Amino acid sequence: MDIVVVGSCVQDLISYTPRFPNPGESVRGRDFHAGSGGKGANQAVAAAKLGAKVAMVGRVGNDIFGPENKNNMKQVGVNVDHVTVSETAKTATATITVSDSGENMIVVVLGANMEMSPASADEAESLIAQAKVLCCQLEIPEEASLRAMQIARKHHVKTIFNPAPGLPNLDKSMLQYADIVCPNENEAEMLTGIHLTSIDDAKQAALKLITYGPSIAIVTLGGQGAVVVSKSDQEPVHVAAPSVKATDTTGAGDCFVGALAFLLVTQPHLDIKEQVRRAVSIASISVQRNGTQTSYPLSSEVDPSLL
Ligand code: ATP
């Protein structure tokens with residue numbers, strides 16, 4: 001396995017409704033969609049759809065959603081041998097309501113993900129040790145992500161740390177185990193205290209992020225692309241995203257991380273700025289389609305010059 005993702009699996013339950021109900025009220029929705037999600041699983045699927053050999057380390061419940069989540073990853077080639085099944089917690093769910101105005105309300109119950117622990121990472125040590133890239137996020141207990149990153153460091157495996165969702169009290173010393181830290185604007189703001197209102201602010205935040213330990217910092221900026229800086233040259237660069245008609249940006253950040261992991265494995269000699277440029281373009285494909293994992297492109301759907 002070239003890429004190992006230690007992270008979350010979440011079942012998305014999405015209702016589309018003309019308007020949100022008030023407390024105590026029931027409204028009739030228009031449509032319903034169920035799909036597999038979770039930042040960890042999304043990143044694993046994004047990289048696998050591009051053709052990488054990916055293994056997922058995660059946890060689901062012994063319920064109807066657990067096998068569905070595992071099968072969904074399996075179908076795109078993700079190895080799920082290290083996705084364990086809990087007898088005590090349910091598969092995580094995200095109950096999402098999307099109104100006609102495009103706003104959403106989300107309740108996430110992290111269920112079995114929160115049973116992940118440092119021991120879960122220890123059990124996957126031999127898997128992590130032989131990988132080229134590890135991807136971690138924060139939808140499982142941070143001590144589990146930290147242990148996975150420490151194991152990767154011990155075995156000289158490159159780690160991409162996507163500190164999402166942003167946690168206000170995250171121990172920043174964790175970042176010393178990341179080779180690449182990759183937050184979005186809000187997460188970068190939480191980590192650096194810099195209020196991001198411009199690309200220059202994002203560059204300042206990226207420069208601050210590398211002082212916490214990672215050799216590369218990337219701040220994704222939605223439709224504005226991303227900013228990237230390396231410790232070696234300290235010169236932040238803005239990479240613009242292609243101008244596209246975005247219809248659903250859900251999970252775009254995970255598509256970016258999965259694409260970057262894929263490129264680190266398949267194009268290790270490219271400059272990080274070029275790898276980011278390609279990952280930005282690949283993620284911009286996903287925002288032109290509905291859904292999360294379903295919106296991620298297969299390698300056959302990507303311009304070969306980006307792969
Ligand atoms: P999410 O939380 O929805 O997963 P995010 O906030 O983590 O997303 P973003 O910074 O919004 O991540 O987007 C990640 C990448 O996706 C961007 O760097 C860009 O490549 C692409 N992207 C997002 N929105 C757009 C857009 N409107 N047009 C083109 N590309 C986009």
Side-chain angles (χ1 to χ4, degrees), residues 1-7 39-40 43-44 46-47 50 52-57 118 121 124-125 127-138 140 142-164 166 170-184 187-188 191-192 202-203 205-220 226-237 239 253-280 283:
M1 293 298 138
D2 288 333
I3 298 171
V4 174
V5 180
V6 177
K39 290 177 190 299
Q43 293 174 16
L50 292 170
K53 292 191 193 115
V54 186
M56 177 75 197
V57 179
E125 177 158 358
L127 182 74
I128 296 169
Q130 55 74 62
K132 297 191 175 105
V133 174
L134 170 76
C135 297
C136 288
Q137 322 76 27
L138 289 173
I140 60 173
E142 60 190 81
E143 57 273 20
S145 299
L146 173 62
R147 180 68 63 86
M149 287 160 57
Q150 288 169 332
I151 292 170
R153 177 61 53 87
K154 175 173 147 198
H155 295 285
H156 310 289
V157 176
K158 204 171 254 189
T159 293
I160 307 178
F161 179 42
N162 171 223
L170 182 71
D171 180 358
K172 285 194 260 300
S173 67
M174 185 174 180
L175 271 72
Q176 67 188 285
Y177 294 101
D179 296 283
I180 301 178
V181 61
C182 181
N184 70 7
E187 294 142 10
L191 285 166
T192 63
K203 288 181 175 175
L207 280 167
K208 188 152 182 191
L209 286 167
I210 53 174
T211 66
Y212 301 150
S215 47
I216 293 167
I218 302 166
V219 180
T220 62
V227 155
V228 52
V229 68
S230 332
K231 219 173 211 169
S232 56
D233 65 13
Q234 308 264 334
E235 280 183 25
V237 167
V239 177
D254 296 329
C255 184
F256 176 87
V257 173
L260 182 67
F262 166 82
L263 290 160
L264 290 171
V265 167
T266 56
Q267 302 286 354
H269 303 299
L270 283 182
D271 184 70
I272 183 67
K273 283 148 196 162
E274 175 59 17
Q275 289 166 331
V276 168
R277 187 191 71 77
R278 293 184 188 199
V280 160

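In this chain, numbering begins with 1 at the start of the sequence shown. Quantities reported herein were computed from a predicted structural model and do not represent experimental measurements.
- Checking each of Val276, Val257, Ile218, Val228 against Ile180 for a side-chain contact (heavy atoms from CB on, under 4.5 Å) leaves exactly one that passes, namely Ile218.
- Considering CG of Leu260 and SG of Cys182, their distance stands at 6.5 Å, rounded to 0.5 Å.
- Here salt bridge (Lys or Arg N to Asp or Glu O under 4.0 Å) pairs that include residues 227-237, with residues two or more places apart or in two chains, are Asp233-Lys273.
- For Lys158, the NZ atom sits in a loose shell: 12 or fewer heavy atoms of surrounding residues, nucleotides or ligands are nearer than 6.0 Å.
- With hydrogens and angles disregarded, no donor-acceptor distance shorter than 3.5 Å links the side chain of Glu274 to the backbone of Asp271.
- Residue pairs meeting the salt bridge (Lys or Arg N to Asp or Glu O under 4.0 Å) criterion with at least one member in residues 170-181, sequence neighbours excluded: Arg153-Asp179.
- Using a 4.5 Å heavy-atom threshold, the side chains of Val227 and Val237 count as separate.
- Atoms CG and CD1, from Leu264 and Ile160 in turn, are 5.0 Å apart once rounded to the nearest 0.5 Å.
- Between Leu209 and Pro183 there is a side-chain heavy-atom pair separated by less than 4.5 Å.
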inquiry  = Could you go through Leu50 and Leu263, starting from their C-alpha distance and side-chain angles, then the distance that decides it, and tell me whether this counts as side-chain contact (heavy atoms from CB on, under 4.5 Å)?
reply    = CA-CA 9 Å; Leu50 292 170; Leu263 290 160; over 6 Å; no
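- The side-chain heavy atoms of Met174 and Leu138, taken from C-beta on, include a pair separated by under 4.5 Å.
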ask   = So Leu270 and Arg278, side-chain contact (heavy atoms from CB on, under 4.5 Å) or not? Walk me through it.
value = CA-CA 11 Å; Leu270 283 182; Arg278 293 184 188 199; 3.4 Å; yes
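- At a threshold of 4.5 Å between non-hydrogen side-chain atoms, the residues Val181 and Pro163 count as touching.
- Put simply, the side chain of Gln234 reaches to within 4.5 Å of the side chain of Ile210, judged on heavy atoms.
- Glu125 pairs by the side chain to side chain donor-acceptor pair (under 3.5 Å) definition with Lys154, His155, not counting sequence neighbours.
- Annotation: the span from Thr159 atom OG1 to Leu134 atom CG amounts to 4.5 Å, rounded to 0.5 Å.
- The line from CD1 of Ile272 to OG of Ser230 is 7.0 Å long, rounded to the nearest 0.5 Å.
- We find the CG-OG1 distance between Leu207 and Thr192 to be 11.0 Å, quoted to the nearest 0.5 Å.
- In this structure, Gln176 contributes its side chain and Tyr212 its backbone to no donor-acceptor pair below 3.5 Å.
- One finds the CD atom of Gln267 at 7.5 Å from the CZ atom of Phe262 (value rounded to the nearest 0.5 Å).
- Partners of Lys132 under the salt bridge (Lys or Arg N to Asp or Glu O under 4.0 Å) rule, at least two apart in sequence or in another chain, are Asp2.
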N/O donor to acceptor pairs below 3.5 angstrom from side-chain atoms of residues 143-151, sequence neighbours left out:
{"residue": "Ser145", "atom": "OG", "partner": "Gln137", "partner atom": "O", "Å": "2.9"}
{"residue": "Arg147", "atom": "NH1", "partner": "Asp122", "partner atom": "OD1", "Å": "3.0"}
{"residue": "Arg147", "atom": "NH1", "partner": "Asp122", "partner atom": "OD2", "Å": "2.6"}

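- Counting non-hydrogen atoms of other residues, nucleotides and ligands closer than 6.0 Å to NZ of Lys53 gives a total of 12 or fewer.
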query = Can Val133 and Val4 be said to form a side-chain contact (heavy atoms from CB on, under 4.5 Å), step by step?
reply = CA-CA 6 Å; Val133 174; Val4 174; over 6 Å; no
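- With sequence neighbours left out, the side-chain contact (heavy atoms from CB on, under 4.5 Å) criterion links Ala47 to Ile3, Ala52, Val54.
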